[in-house]
Amino acid sequence: MLLIAILAIPLVGAIAVALMPRKDEQGARHMGMVFTLLTFFVSLALIAGFKISDPGMQFEFSVPWVRSLGINFHVGIDGISLWLVLLATLLGPIVMLSTYKAIDTRVKEFVASLLILEMAMIGALVSLDLFVFYVFWEIMLVPMYLMIGVWGHGAKIYAALKFVLYTLVGSLVMLVAIIYVYVSHGAATGFYTFDYMVLTQSVWGEQAQIFLFLAFAIAFAIKVPMFPLHTWLPDAHTQAPTAGSVILAGVLLKMGTYGFIRFAIPLFPYGAAVWAPYISGLAVIGIIYGALVAYAQKDAKKLVAYSSVSHLGFVMLGLMAMNEAGVTGSLYQMLNHGISTGGLFLAIGMLYERRHTHELDQFGGLWRRMPVFAGMFMIIMLSSAGLPGLNGFVGEFLILVGAFTHHQGVAGTDLPIFIWHSRLMAGIAAIGVVLGAVYLLHLYQKLMFGPITQPKNADLDDASWREILTFAPLIVLIFAMGIYPKPFLERMEPAVKLFLKEYKVKYKASEGYTGQQPKQLASLSRSKYALPALSAPRAGIVAKTTMAGGKAVSPKVPKIVRPKIVPPKVVRPKIVRPKVRPRGGAAPAPRTPRKRISPEDMRRIRRQMQQRGRPPGRGGRGGAG
Amino acid sequence: MKESFPLIWIPLLPLLGAAFNLLLGRKLSRRWVHTVAVGTVFGSLVMTLFVLRQLYAGWDSHHHTMVTLHHAVFDWINAGAVQIKFGLMADTLTGVMLFIVTFVGALIHLYSTGYMDHERDYARFFGYLNLFMGAMLLLVLGDNLVVLFLGWEGVGLCSYLLIGFWYDKSGTQKLGLENANAGRKAFIVNRIGDLAFIIGMFILFAAVGSLDFADLSAAAAQGPQGPLMSSYAPFGFGPFSLAGVAALFLFIGATGKSAQIPLYVWLPDAMAGPTPVSALIHAATMVTAGVYMVARMNFLYMLTPSVMAVVALVGALTAFVAATIGLAQNDIKKVLAYSTVSQLGYMFMGVGVGAYAAGIFHVFTHAFFKACLFLGAGAVIHALHHEQDIRRMGGLKSSLSVTRLTFLVATIAIAGIPPLSGFFSKDEILWKAISTANPAAPWLGPVIYVLGMAGAICTAFYMFRLYTLTFEGKCRLSAEEQAKIHPPDWRMATPLVVLAFGALVLGVLGLPGLFGEHANFFHNWLAPTVDQGAKFAALAIPGAHVTPAILSKSHGAEGGLMALSFAIALLGSVIAWRVYNKGPSVWARNLTDRFRGPYNAIYNKYFVDEFYFLVVIWPFKKIAWLLWKVVDALIIDLLCVRGSARIVDLMGRLVRQFQTGSVQHYLAGLLVGVGVILYVVAQPPDDFRIRANSIKAAGAPLKVLVGERVFFDARRPVDKAMRALEYKWDFDGDGKVDEPQAPTQQKGQKEQAQRWSKRQMANFIYKKPGRYRVVMDVRDTRWHTQARETQVIDVIDPNAPKVPVSGSSTHGKGVH
Amino acid sequence: MVPTGYVLVLAAVLFLLGLVGVVLRRNVIIVMMSVELMLNGVNMTLIGFARARGEMFGQAFSFMIIALAAAEAAVGLAILVAIFRTRRTVNVDEISLMRH
Amino acid sequence: MDLLSQKTPLSQRRPFISSLMATIALLVPWLATSVAWATPQAAAAAKTAPAFNGALWTFYIFGALTIAGALLTITRRNPVTAALWLVFTLFATAGVYLSLHATFMAAIQVLVYAGAIMVLFMFVVMMVGNTERQEFGIMRGLFSKVVALGAIALLGWRLISLLMRQAPAKAAMVSDGYGSVHSMGGVLFREYLFPFEAISVLLLVAIVGAVVISRRSTEEKEEV
């Protein structure tokens, strides 16, 4: 029930804010603040109630949504999605706080769209039904589009449109894959469902898996963004308002990587193995390319945007290393990236509020005027550069160790090694760490150090208490996650172990299996979702999804019987010899003359008919006589 | 393993001090700031002494055993196979480093209170300084490579902050970005070193599965079968032993941190920071981290003689090159900077030949006299109000008498003139260099000895040149500058005196073997930790490991070499004294004129900075710009993304032409469409063929017997539409219609033309043999089209004699 | 007795002339009249076949067509009047945009 | 096709009179023959006397007149002339119907078509006023015109060639009551009852539509 609450609160908030009077801008901001804070505190309850040792899904809730298609509104979180949800709910209030001075036009709509965006993000993170996931995935686009398009600056329409179209193209490819999965699974097991838990219990043929994984991978690669598909990110970031950028960088980018680890890899392990070398290759290129291009930027936001490409390249490298260190590291790096890049965008946003420009040359020597701001900005910059002792280092260290030890057996098992030269790739990725330091110090120096060159910089005021309050949680988290990451890591560990164990089982099953239809694996240990035994008649969904209240609800999904297609019997046409009509001009045989009816008879008949109500007169084919 | 002492407090105290100063310092008075800062460091010093007492108690000088204090603080990173704990440990090696860091650090903190007295960002400076102390102590105390790396990058950060302390100035006075650039350069060069360091760590982790020193040394102890000795070909280059590759990468990290040959360029620029910073970080503590790391990982390095050779060679080269550059520098701090790089070269030479104790002892003594020199220089600069060019100083011995004395003592020490500490530590290294045999590189000993001696001469020369130009001769300052000279107050003087005294006395701790087997206290003190490597190496690579040659037994040779090095040091000093006694001498002037080329090279630091700029920095900028503009903006964005959008737009515009809005255009289109459809649909059939006796061979003349009834079939293969077709046959090629027979004898060509029958099959009997052409006419009543098909038939008379057909079958005439 | 072939040909000619009128003429009224011609062509075909088959259906159907033609003409001309009133033209080429 | 743009002699300039005279010239023979035909005896006589095929000759005359009328309708520049020639064509068509024994249809043709619809046309033409000058540039959109003409020619040629070659199907014998109002009534109110009602609804809708469209225009007038 808790998850439903977390989803409902922002929605209710959005509606409440939308109904407020337009002029009361400050009221709208406060309302937004209240609702985002409420969501955050409720989500804190998630951590409290989260059973650390349980690898499976917790806080599950499933209610049939579209019965005929077998779509259940099935939500649940495990170690993997727990912290991402927390990140989303944490960034909510921070972003709200940062928009107090930043957004002054149409505040009501902004707060509403922000709340809806938060709901959509959390929805996508917790949904365990492919269809529901896809719905939330698409809902996310709308508020983001509005934020960039309406409240952005510069070529905002172009950027917003490009962002939406780019993501949409990807997600449509994914939709095709989802539908194929749905249909093929239904056809094989006669049990049509979008439920992720059930789908992960069956394995598709090798060929199918390669293409399906590719379809999912394209959608998520665009969102990550990975190297060649990243050009929408700089535009979206530079034109988005501060809040938009923070949310976009903080959580939306994680959707791509989350999608990989939740849907793409578990559903198509063999496909993942085939594509792993290419994806990690692109990730490494992305790291170096992102860092280099970031260094060449003249615009602060563009620089940080390209840094995101580089950081998320790390995450993908860790993910594809497919061992415990790598996957845990990538999950952890997702959180770090959310915090550090979110912080960077907040800082640049504050500078934008003061000087209304992102150009690096316009700044310089701000330390003199804004020492407090400079201090906080430095901590965030160092966390992003991966300084040991701060959160960035832990993530990058784990990812690099994971990538480096990839050759010692994938998922700690005897699976074949996917990525050749994993050590070379880890080495090159480590160079990315150095380049990271280069462009971040470049950014920091251009903004903070050096004498004050622009007269306008001379009278900038230091960070207000509101801005300090915005940065405070981030800085506390940076130090906490850097020095004592144990509480975060131990909650991820069981889920990652289960992820890898299942990956091994399913990879072995799908190796060599070239059938078109998916086959089920009884060996998977997800007892809660026992699929009807193959031999048993096709019963409905037996997924006893336990409501949070413990009441077992087995949603009745109607059985869709496949129409029996009878091959048409080919009837050979019998050649009938046409009755040969005598030729020539002879008139047709005279028809038998009809008895002529005298006028008196006619009058009598007419009278009779009138009594019986029938209309007088006689029509008839061919007329009388 | 004793948990007796919470070691965490040693680094924690300065870190808390740093937090206090950085957060609250701006608001508090200066008294608060420096009492907290200096207090925390002295606190750490007291705790260090306490730890040393415990270590001393547990140390058995004869059996080379010691006690190690451990303090596992908490689990830091644990994800599956990676279990990293945040643990601290203290053994004799750590003890020495702790003492150096805390003792010299405390003195420099005290000195800083005086030096930075009039500085505006007083709290920020002390915050950073405390942060540095905390990080350095973490580095030294860490019990695994990751905690060491944590300290490693921590000190890198602090050096970045402190070098760029005057972030808006170039040098000490005029505004500019130079200091900030110097800080950034230091951090990035360190980061490049750290890159190699982290790769080394991964290689070790991949092999051993843990990064704790205890586990690593246990792995090293496993001898040839151990994980460290497995062969490993990184990136495809030849099979090295794993330990060798890891050691090499770790050493590259050390060169970054301790400013050795490839990555030393940042240290001279680091002089942009305040002088106490240079003293503490860039002389005494941080730069020695590399040497400490190599000493700590001695078990790894002893396994790979080839890498030890590399270490020694790089050390020797750095020593010599830096010393030569030092000759031509005119900035007081630059000379000292290059002297530091040179002395670090000596330390690496020491550890490179397996004499870890000698290396660490040099670190110990160098910390004292180099700190004293830097602080002395600081006092001079402070007195002369930021004047750093020694050619404009001179004759300061009268006004800054205390500074002069301490500076002189330190100069004698560094020049290597007995009985001061410098001589003993440097001579020990040179002696060990020549006396140790490294099987991987037998030529190594003499080469590095010669380089070392050359370096020693230069060191003596430039140190005394510096001393005499600064203090001796007549003062070259203007009158009013001379008036403003004020001697350093007590806070700056006491550290100088203490350090000078240290430089004077500490030689006694490391007396050479000449004075008896156990005379060298330092060697015995460090033996338990440092000599592990030798034992493991003897086990792992019997015969191929680095061993002190038999020469080491004969004291005569040692004595002779000691005398030689003393003579050289004396020679260098006297020459420098004579030349520069009166100030910048004419003789030196024309000497440099004669050797214009080499002097220029030395003065411009062998153009290394410019070389790096050309090879690394400029291409980096260009590639970055290129990638952005060409790959990103042009190829991906413009061509692929915008391109596809433009294609769609183009197609749209193309189709728009047809929407003219004029009804008649649409009607025209309609009519064209109808016409096309009608034309395509209403095609009369035209695939007629005659097949006789269901013989499939089309085209070939048919063989039929006379009197045999021949069946002709005109059904078309695919005729679903049952077209209304009518047929007319002429079997004997006479032009008259034979089938359908006319029911009534109707005369006239017209009737014949009229006769059509719907039957698709017909039959006929040929009376006479011969070749006939069967003609069939087909009419489609619906489309009013007509077609004609022919089929050639040969009718043969069965009972006619067989005539050999020799191509004489004349057409048409049958054979009767 | 008129051979149906002739009637059909005449109807076809009539239809085609109407078609030519619709396609070529610029004046909407003339176009409408040409449409009426085409409809007459169709009627003639129907009645021709009705006569050929001796049944009344053809004629009944053409009766419906005439009614339809009347309705079509009425509405068409109403629209024409409306267009003329706003745009002052009945030239087909000028009435090519929904809003002017 | 420059036929339209030339200036033709007197008859063109006074379009009205020439088309009126032509209509009257047609009306008189038409009435005469229809009256002649209407009498049952004449129909029976025609049937029995094979020699002089009255229907065929009527068909020839009126067919020719129809084609002429149609040709002139689409070629006149002045819409009024065109309208009147259309009336003339309708009368000729009615004559053809007569030759096909469709007497009722001929009457309806004249009554409804020529009478009602053409009156509506005349009314609208008058209201719209002289739009002769609208007929500028025949050359505009020449390409589509040529294409259309080509298509019509192709279609026409194919259609007509097929119809010509059509075998002279035997026309069915018809009783003399065929085509009369009586038989038409029978068909209309038995088999075609529903279409009959439907077409009346259609007419109603058309009327309402016409009124609505035209009414809107009157409001504008007030505004203007």
Side-chain angles (χ1 to χ4, degrees), chain A residues 162 166 228 230-232 234 289 292-293 295-297 323-325 328-329 332 365 367-368 371 375 382 387-389 393-394 397-398 400-401 404-405 408 412 423-424 426-427 430-431 433-434 437-438 441-442 445 448-452 483-486 489-490 492-493 496-497 573 577-578 580, chain B residues 22 26 74-82 84 86 121 124 146 149-150 152-154 157 160 164 167-169 175-177 179-181 183-184 187-188 191-192 194-195 198-199 202-203 205-206 234-235 620-621 623-629 631-633 636-637 640-641 645 720 722 758-759:
Chain A
K162 185 172 178 180
Y166 227 123
H230 65 285
T231 46
W232 59 274
Y289 175 84
L292 280 173
V293 174
Y295 179 75
Q297 292 308 321
N323 50 27
E324 183 126 7
T328 318
Y332 202 71
W367 189 305
R368 177 64 62 205
L382 288 175
L387 185 78
F393 172 72
V394 177
F397 181 76
L398 282 176
L400 289 176
V401 164
F404 210 85
T405 54
Q408 289 173 340
R423 280 177 294 204
L424 178 65
I431 296 174
V433 174
V434 176
V438 169
L441 290 183
H442 171 73
Q445 173 152 331
M448 292 300 158
F449 286 155
I452 293 183
I483 295 168
Y484 191 64
K486 190 167 173 49
L489 291 177
E490 68 186 356
M492 291 184 196
E493 191 140 1
V496 170
K497 273 198 170 61
R577 179 190 297 283
V580 175
Chain B
L22 286 176
R26 269 158 29 91
F74 55 81
D75 282 352
W76 186 17
I77 306 175
N78 36 35
V82 180
I84 312 263
F86 189 91
D121 294 341
R124 187 161 66 91
V146 183
F149 188 67
L150 170 67
W152 193 272
E153 288 234 359
L157 167 71
Y160 163 70
Y167 49 82
D168 52 2
K169 288 199 177 68
L175 292 175
L177 265 169
N179 293 0
N181 282 342
R184 187 179 60 172
F187 190 79
I188 289 175
R191 244 314 162 71
I192 294 172
D194 298 348
L195 163 69
I198 203 164
I199 291 178
F202 291 149
I203 295 175
F205 181 78
F235 314 126
F620 178 81
K621 283 197 169 86
I623 292 171
W625 182 84
L626 205 70
L627 275 181
W628 173 33
K629 275 288 178 232
V631 172
D632 207 70
I636 298 177
D637 211 8
C640 306
V641 175
K720 289 186 188 52
M722 296 305 292
K758 285 212 181 301
R759 269 192 283 92

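Just so we're on the same page: letters track the sequence lines, and every chain starts at 1. Atoms considered below: every heavy atom in the structure, side chains included; atoms not considered: hydrogens, waters and symmetry mates.
Contact count against chain B (heavy-atom pairs under 4.5 Å) is highest for A/Leu441 among A/Ile452, A/Val438, A/Leu441. Between chain A and the options B/Trp76, B/Phe86, B/Trp625, the largest number of non-hydrogen pairs under 4.5 Å is found for B/Trp76. Ranked by heavy-atom pairs under 4.5 Å with chain A, the first of B/Asn181, B/Ile84, B/Leu626 is B/Asn181. Per-residue heavy-atom pair counts under 4.5 Å with chain A were compared for B/Arg26, B/Arg124, B/Glu153, B/Arg184, and the maximum is reached by B/Arg184. For chain B, the option among A/Met492, A/Gln297, A/Glu490, A/Lys486 with the highest count of heavy-atom pairs below 4.5 Å is A/Gln297.
Of the atoms belonging to B/Leu150, heavy atoms from both backbone and side chain fall under 4.5 Å from chain A. Both the backbone and the side chain of A/Phe397 come within less than 4.5 Å of a heavy atom in chain B. For A/His230, the part lying near chain B is the side chain, with the backbone staying farther off; criterion is any non-hydrogen pair under 4.5 Å. Looking at B/Ile203, the atoms closer than 4.5 Å to chain A (heavy atoms on both sides) sit in the backbone and in the side chain alike. At a 4.5 Å heavy-atom cutoff, the contact between B/Phe202 and chain A is made by backbone and side-chain atoms alike. Within the 4.5 angstrom heavy-atom criterion, atoms from both the backbone and the side chain of B/Leu627 approach chain A. Heavy atoms of B/Val631 lying under 4.5 Å from chain A belong to its backbone as well as its side chain. Only the side chain of A/Leu489 comes within contact range of chain B, with heavy atoms under 4.5 Å apart.
The minimum heavy-atom distance linking A/Leu398 with A/Gly329 is given by the pair CB-CA, 3.5 Å. Between A/Ala437 and B/Phe187, the shortest heavy-atom distance links the atoms CB-CE2, 4.0 Å. Contact between B/Ala180 and A/Phe449 at its shortest, heavy atoms only, is CB-CB, 3.8 Å. Taking each heavy atom of A/Gly427 and B/Leu195 in turn, the nearest pair found is O-CD1, 4.4 Å. For the pair B/Ala81 and B/Phe205, the tightest heavy-atom approach, listed with the atom from each and the gap, is O-CZ, 3.9 Å.
We find that B/Lys629 and B/Asp637 are not joined by a salt bridge, their nearest charged nitrogen and carboxylate oxygen being 4.0 Å or further apart.
Taking the ring pair (Phe, Tyr, Trp, His ring centres under 6.0 Å) definition, one finds that A/Tyr484 meets it with B/Phe74, sequence neighbours left out. Checked against side-chain hydrogen bond (donor to acceptor under 3.5 Å, both in side chains), A/Lys497 has the following partners two or more places apart in sequence or in another chain: A/Glu324, A/Glu493.
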request  = Go through the steps for A/Arg368 and B/Asp121 under the test side-chain contact (heavy atoms from CB on, under 4.5 Å), then give the verdict.
outcome  = CA-CA 10 Å; A/Arg368 177 64 62 205; B/Asp121 294 341; 4.2 Å; yes

